[in-house]
There are 2 protein chains.
Amino acid sequence: MRRPASTPPASEERDERPDGAGGPEATDDNAANEEFAALSSQSPTPDSQRMLTLFMDLGRFRSLRDPLASICEDLNLTPTQVHALVWLGHDGPMHVGVLAQRIGITKKTITGVVDRLAEMGTVERTRDTEDRRAVVARLTPSGTQLSERIARTMDAGVRQLLSLMAAEDRDALFGMLERILARLRARQAE
Amino acid sequence: MRRPASTPPASEERDERPDGAGGPEATDDNAANEEFAALSSQSPTPDSQRMLTLFMDLGRFRSLRDPLASICEDLNLTPTQVHALVWLGHDGPMHVGVLAQRIGITKKTITGVVDRLAEMGTVERTRDTEDRRAVVARLTPSGTQLSERIARTMDAGVRQLLSLMAAEDRDALFGMLERILARLRARQAE
DNA sequence: TATTGTTATACTCTATAACTATA
DNA sequence: TATAGTTATAGAGTATAACAATA
């Protein structure tokens, strides 16, 4: 899964992997990367340690590995497949390269993922008439049905989380997340 | 990765996969499962839909797939390996079965994971003298060093998140998470 | 008999490298 | 030349099934 542990970085020909993959189009995460490098050289703060401890404690109740893992179990899908179906259901048809960005995998990997989704009849490929190099992935009716089922399960998970919170905490959380989002968007616009 | 898509459930002989895997010892997630089944049959609420929209919007900036993905990149480790090292570093030596629970994989899978970690010299196996069936995994000095490096990177990620929030929001979030945790613990104690 | 792990098998995910088609 | 995807190859993750050792 990883490089053979002996291959040198060879940073020239590497496939772009926009991990902090941003807006609908390209993103410049250079600034974000530099910021993170600066942060990495600094020391933990009381706040960051407190937050990490909370995360680990929560991880004892629900695995931190993949929030969508339980959905995969029930529907007999892999995490990657679930993420692909969720994004296609939420945003509609898109280039497979963009889909790869959303999921957080490379363009080489997305080919096989879309292959298998197409084989099971949930996704179909078409060529973009504008740019004939590009391949557009789109949900089939059966895939739409499946993605809606996933969305319902995700919604139930969210309701389970919300049921653990008092009403005022819920409202506070919404405001908090919206402010974080506004910051991210402002930073992206730069 | 999944079952061959044709195998019947055969719910008798299946390996236990405690996805909501709880405390240090066994957990009864029967109650939690029943509650979730009840939630799944209900409809989305304005709150749950608002929350889901926020999640998806955040997912455009940072892939929702695995929060630790970027650490894997840098250190040339897989997500599963990172999670194993994090838990062993945080909680100390433990039975490989417990480690599997923490990560969210089955006991069949943990064997290969620990195999590879042992090959790269970060983890070693010993027998539990109390229960000679059980195998204890423990970090080597080199593994401890690596897990500390991962912890520092995680801390930087947390500081990056906190830097997006106002001081009062940070305090509010801590209180919120602590109350959620208290609820989970109370429910577990039942 | 029940529990803890391991082994064997098969499929999926993933990255690297080399390639094709289009811009 | 640069970009969007695909193909080929190989290592790692994962589940099912069958098994061994211990309780």
Colleague: Hey, can you pull the residues of residues 82-89 of chain A with a non-hydrogen atom under 4.0 angstrom from DNA chain C?
Modeller: none

Colleague: Can you figure out which of D/dA4, C/dG5, D/dT16 approaches the side chain of A/K107 most closely?
Modeller: D/dA4

Colleague: Closer to the 5' end of DNA chain C via nearest nucleotide, is it A/R127 or A/G112?
Modeller: A/G112

Colleague: Round to the nearest Å and state the distance from B/M120 atom CE to D/dG13 atom C1'.
Modeller: 13 Å

Colleague: Go through C/dT6, C/dA15, D/dA23 for me and flag the one nearest to the B/R132 side chain.
Modeller: D/dA23

Colleague: Would you say the side chain of B/V123 lies within less than 4.5 Å of the side chain of B/L88, judging by non-hydrogen atoms?
Modeller: yes

Colleague: Which pair of heavy atoms, one from A/L39 and one from B/A156, lies closest together, and at what distance?
Modeller: CD1-O, 3.9 Å

Colleague: Let me know the distance between NZ of B/K108 and P of D/dA15, rounded to the nearest Å.
Modeller: 9 Å

Colleague: Heavy atoms under 4.0 Å, any strand shown: does B/R125 hit a base, just sugar-phosphate, or nothing?
Modeller: sugar-phosphate

Colleague: Taking all atoms of both residues into account, what is the closest heavy-atom pair of A/G121 and A/S142, and its distance?
Modeller: O-OG, 3.7 Å

Colleague: Would you mind reading off the distance between B/R116 atom CZ and D/dA10 atom P, rounded to a whole angstrom?
Modeller: 18 Å

Colleague: For A/D128, answer base if it contacts any base atom (sugar-phosphate contacts may also be present), sugar-phosphate if it contacts only those atoms, and nothing otherwise; contact means non-hydrogen atoms under 4.0 Å.
Modeller: nothing

Colleague: Counting any heavy atom closer than 4.0 Å, what does A/T109 reach on the DNA or RNA strands: base, sugar-phosphate only, or nothing?
Modeller: base

Colleague: Has A/R149 got more than 12 heavy atoms of other residues, nucleotides or ligands less than 6.0 Å from its CZ?
Modeller: no

Colleague: Atom CD of residue position A/Q42 - does it have more than 12 heavy atoms of other residues, nucleotides or ligands inside 6.0 Å?
Modeller: yes

Colleague: B/T111 side chain N/O closer than 4.0 Å to the phosphate oxygens (OP1, OP2) of C/dT6?
Modeller: yes

Colleague: Taking A/R60 first and then B/D91, would you say they form a salt bridge - that is, a charged N and a carboxylate O separated by under 4.0 Å?
Modeller: yes

Colleague: Are the charged groups of B/D115 and B/R125 less than 4.0 angstrom apart, N to O?
Modeller: yes

Colleague: Check the distance between C/dT14's P and A/D115's CG and give it to me in whole angstrom.
Modeller: 14 Å

Colleague: Spell out, yes or no, whether A/V114 and A/V136 are grouped together once hydrophobic residues are joined by side-chain heavy atoms under 4.5 Å, including indirect joins.
Modeller: no

Colleague: Between B/R159 and B/D155, is there a side-chain N and carboxylate O pair less than 4.0 Å apart?
Modeller: yes

Colleague: Kindly point out which of D/dA15, D/dT7, D/dG5 is positioned nearest to the side chain of B/I105?
Modeller: D/dA15

Colleague: Does A/A134 or B/E130 map to a spot on DNA chain D nearer the 5' end, using the closest nucleotide for each?
Modeller: A/A134

Colleague: Of the options C/dT12, D/dA12, C/dT6, whose atoms approach the side-chain atoms of B/V96 most closely?
Modeller: C/dT6

Colleague: Considering the terminal five base pairs at each end of the helix from C/dT1-D/dA23 to C/dA23-D/dT1, what angle separates the two local helix axes, rounded to 10°?
Modeller: 0°

Colleague: Assess whether a salt bridge exists between A/E178 and A/R185, defined as any Lys/Arg side-chain N lying under 4.0 Å from an Asp/Glu carboxylate O.
Modeller: no

Colleague: Are OP1 or OP2 of C/dT12 and a side-chain N or O of A/T80 less than 4.0 angstrom apart?
Modeller: no

Colleague: From CE of A/M94 over to P of D/dG5, roughly how many Å is that when rounded to an integer?
Modeller: 12 Å

Colleague: Would you mind telling me which residue lines up with the more 5' stretch of DNA chain C, B/R133 or A/D131, judged by nearest nucleotide?
Modeller: B/R133

Colleague: Rounded off to whole Å, could you give me the CD1-to-C1' distance for the A/I110 and D/dT3 pair?
Modeller: 17 Å

Colleague: Looking only at non-hydrogen atoms, find the nearest pair between A/L99 and A/W87 and report the distance.
Modeller: CD1-CB, 4.1 Å

Colleague: Picking from C/dC13, D/dA12, C/dA18, which would you name as closest to the side chain of A/T78?
Modeller: C/dC13

Colleague: Specify the separation, in whole Å, of atom CG of A/L99 and atom C1' of D/dA4.
Modeller: 14 Å

Colleague: Roughly, in whole Å, what's the span from CG in B/L77 to P in D/dG13?
Modeller: 10 Å

